[in-house]
Amino acid sequence: MTQAFYVYGAYGFAALVTIAATLWTWADGRARRSEMATLEAAGIRRRSARTKDGE
C-alpha cells in the first residue's frame with residue numbers, strides 16, 4: 001500500500017461524508033417546510049407570527 005492510497009482514500013471519505021451531510025440537511029429542510037405548511041393549513045401558527053391587528 002502506498003501513501004497515495006491513504007491520502008486519496010481520506011479525500012474520498014471526506015467528500016462522501018460532506019455530500020451525505022449536505023443531502024441529509026437538504027432533505028430535512030424540505031421535510032420541515034412540508035410539516036410547517038401542513039400545520040399552517042390546519043390553522044396552527046407560530047407564536048412569533050403577528051396577526052394584522054397586533055394580537
CD1 (I44) and CE (M36) are apart, to the nearest 0.5 Å, by 10.0 Å

How long is the span from the OG1 atom in T18 to the OH atom in Y11, to the nearest 0.5 Å?
12.0 Å

More than 12 heavy atoms of other residues, nucleotides or ligands under 6.0 Å from CZ of R30: is that the case?
no

